Amino acid sequence: MRAFARPLFGRRARLRWIHLILGGALAMPYVLVGAIVVGPVAGSDDVFSSFPLHLSSFAVGLPLAAVTSLFPLTRPLESAAVRWLCGVEADRLADGPARGRAAKGRTALWFTLHLAFGGILAGMSLAVPPFAAVLTVMPLTSGAWHNRLGFPEVFDHTWAMALAPVAGAASLLALAGCAAGAGALLARWAPALLGPTPEDRLAAAEARAADLAVRNRLARELHDCVGHALSAVTLQASAARRVLDADPGFAREALAAIEETTRRTVGELDAVLGLLRDGDAPGTAPAPTLAADLDDLLRRTRAGGLKVTATVGAPLQALPPVLSREAYRIVQEGLSNALKHAGDGAEVTLRVELRDGRLELTVENPLPSAPVTRPGGGHGLPGIESRARVLGGTAHAGPAGDTWRLHVRLPSRATP
């Protein structure tokens with residue numbers, strides 16, 4: 001019994017019934033406009049007193065509903081109603097306005113069906129329950145009352161009076177069955193009429209790709225600025241601790257480098273987090289560039305214990321801002337990898353050159369017999385490759401004899 005009643009009176013059926021009633025409510029203004037048209041044509045002052053004229057008004061109003069469904073908010077609102085009341089999965093429905101003639105045509109067809117089914121079911125919901133109630137109490141009333149209500153003469157028979165409550169219950173079941181069937185049909189048709197088109201899927205894919213690109217950029221920026229700073233600070237603090245008593249001057253220099261590194265990193269971190277805020281982030285530090293910040297980067301790296309020999313054969317001030325910024329991050333990551341893996345006192349060679357319209361960055365350090373690997377690695381080289389690929393360049397890293405070599409080539413509009 002419960003299995004039979006659930007499709008007719010369960011929660012899902014009740015919500016779909018509400019969805020149909022909403023469609024009937026939306027249909028009422030169009031029916032009133034249709035009555036204004038049908039009344040003069042039929043020569044009637046009271047259209048709603050005649051069932052055929054009422055249906056005619058309904059039929060005239062539906063095309064008007066189809067036209068107004070071209071309003072951009074129609075599909076998002078209908079999709080939301082179907083999602084919550086009809087139980088259709090969200091990924092099978094489109095969220096934005098309809099694009100293109102085909103999508104607008106399907107939206108118009110859906111809106112018309114919703115109002116048509118809803119108007120009929122709403123009318124039945126208003127008429128059938130009172131009718132069923134009258135049939136239920138008929139055996140308890142007199143024949144004179146039946147005549148005043150206009151019931152047919154068949155109800156003068158005893159058997160008809162006995163079956164009247166059964167007919168009332170059957171009419172209620174029929175109403176519930178019609179509502180459940182109409183709701184199920186609309187739920188089945190909704191993905192085809194309100195579902196995303198290929199254009200919608202492409203727009204959603206582009207939005208996801210743009211969001212992923214921003215997230216990857218933020219991840220690279222955080223990894224480069226914070227990861228390099230932590231590696232440098234760790235080595236600087238370790239060097240200062242070892243020579244604190246033997247060489248106080250070097251210890252003071254290392255502590256000063258730690259202070260400068262952390263202060264600058266806080267500024268860079270604030271600039272990166274500014275990308276997450278709405279609009280611009282006034283007051284945040286600008287992103288470091290190769291032209292303006294290479295000397296400071298080399299000084300901080302040397303304070304961490306590395307012996308860096310830098311050769312700059314390119315006009316850094318002539319580099320485009322984007323290229324200068326990305327090149328700085330690549331050099332920073334290359335030096336950070338040397339800090340992590342080469343060990344204290346390792347000799348690192350950095351070359352920055354401009355050849356044939358390409359900026360070439362090379363970082364070389366000796367391969368130790370026992371690499372000094374520190375926690376937090378594993379993302380630097382993929383980040384360098386990603387930066388180079390976005391700029392249309394190439395990146396290669398790996399051992400070359402007894403040396404680890406990072407070589408990056410980036411296209412540049414600057415001239416030597």
Side-chain angles (χ1 to χ4, degrees), residues 205-229 264 268 271-272 274-275 280 284-298 300-301 308-341 348-365 377-401 403-416:
E206 291 176 347
R208 286 193 296 269
D211 179 68
L212 183 60
V214 171
R215 293 172 61 184
N216 287 338
R217 179 187 173 192
L218 290 175
R220 288 196 304 267
E221 293 289 338
L222 289 173
H223 174 270
D224 291 348
C225 71
V226 178
H228 174 81
R264 183 172 186 84
E268 293 182 16
V272 173
L275 298 174
D280 298 331
T284 60
T289 63
L290 198 65
D293 302 283
L294 178 60
D295 292 339
D296 289 340
L297 175 63
L298 294 175
R300 294 195 305 269
T301 304
V308 184
T309 301
T311 301
V312 180
L316 301 184
Q317 300 298 333
L319 296 176
V322 173
L323 178 62
S324 185
R325 182 175 64 246
E326 296 300 314
Y328 175 88
R329 290 302 189 193
I330 291 173
V331 171
Q332 183 185 50
E333 182 58 32
L335 296 176
S336 178
N337 285 338
L339 279 170
K340 293 177 183 177
H341 305 300
V348 180
T349 301
L350 168 65
R351 292 193 300 274
V352 181
E353 301 171 304
L354 195 62
R355 295 179 180 175
D356 300 328
R358 289 183 176 272
L359 179 66
E360 298 192 9
L361 309 172
T362 306
V363 180
E364 295 180 336
N365 59 269
H379 301 285
L381 292 180
I384 291 176
E385 293 173 356
S386 177
R387 290 180 186 276
R389 186 168 55 252
V390 168
L391 293 174
T394 59
H396 301 282
T403 301
W404 178 270
R405 186 170 185 266
L406 169 66
H407 183 65
V408 179
R409 300 183 67 188
L410 304 173
S412 170
R413 295 190 301 272
T415 57

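Residue numbers run from 1 in the order of the sequence given. What you are looking at is a predicted structure, and each value in this text was computed from that prediction instead of being measured. The figures here come from the full heavy-atom set of this structure, side chains too, leaving out hydrogens, waters and symmetry mates.
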* To do: Calculate, to the nearest 0.5 Å, the distance between atoms OG1 and CZ belonging to T362 and R405 respectively.
  => 5.0 Å
* **Verdict with supporting geometry, V408 and E360, side-chain contact (heavy atoms from CB on, under 4.5 Å)** => CA-CA 6 Å; V408 179; E360 298 192 9; over 6 Å; no
* Do Q332 and L297 come within less than 4.5 Å of each other through their side chains, counting heavy atoms only? -> yes
* Asked: Hey, does the side chain of S324 reach the backbone of L290 with a donor-acceptor pair shorter than 3.5 angstrom?
  -> yes
* Asked: Taking the side chain as C-beta and beyond, is there a heavy-atom pair between V352 and T311 under 4.5 Å?
  -> no
* Asked: Would you say the side-chain atoms of S386 pair up with the backbone N or O of P382, donor to acceptor, closer than 3.5 Å?
  -> no
* Find the distance between OH (Y328) and CG (L323) and round it off to the nearest 0.5 Å. => 15.0 Å
* Measure the spacing between CD1 of I330 and CG of L335 and express it to the nearest 0.5 Å. => 12.0 Å
* Gap between atom CD of E326 and atom CG of L319 - 0.5 Å precision -> 12.5 Å
* Does a side-chain heavy-atom distance below 4.5 Å link L406 with N337? -> no
* Hey, could you give me the CZ/OG1 distance between R351 and T349, rounded to the nearest 0.5 Å? => 7.0 Å
* Asked: Can you check whether R358 reaches L410 side chain to side chain, under 4.5 Å on heavy atoms?
  -> no
* Any side-chain heavy-atom pair from T309 and L350 closer than 4.5 angstrom? -> no
* What closest approach, in Å, do L359 and S412 show between heavy atoms, and which atom pair accounts for it? -> N-CB, 4.2 Å
* Value rounded to 0.5 Å, distance of CD in E333 from CD1 in I384 -> 5.0 Å
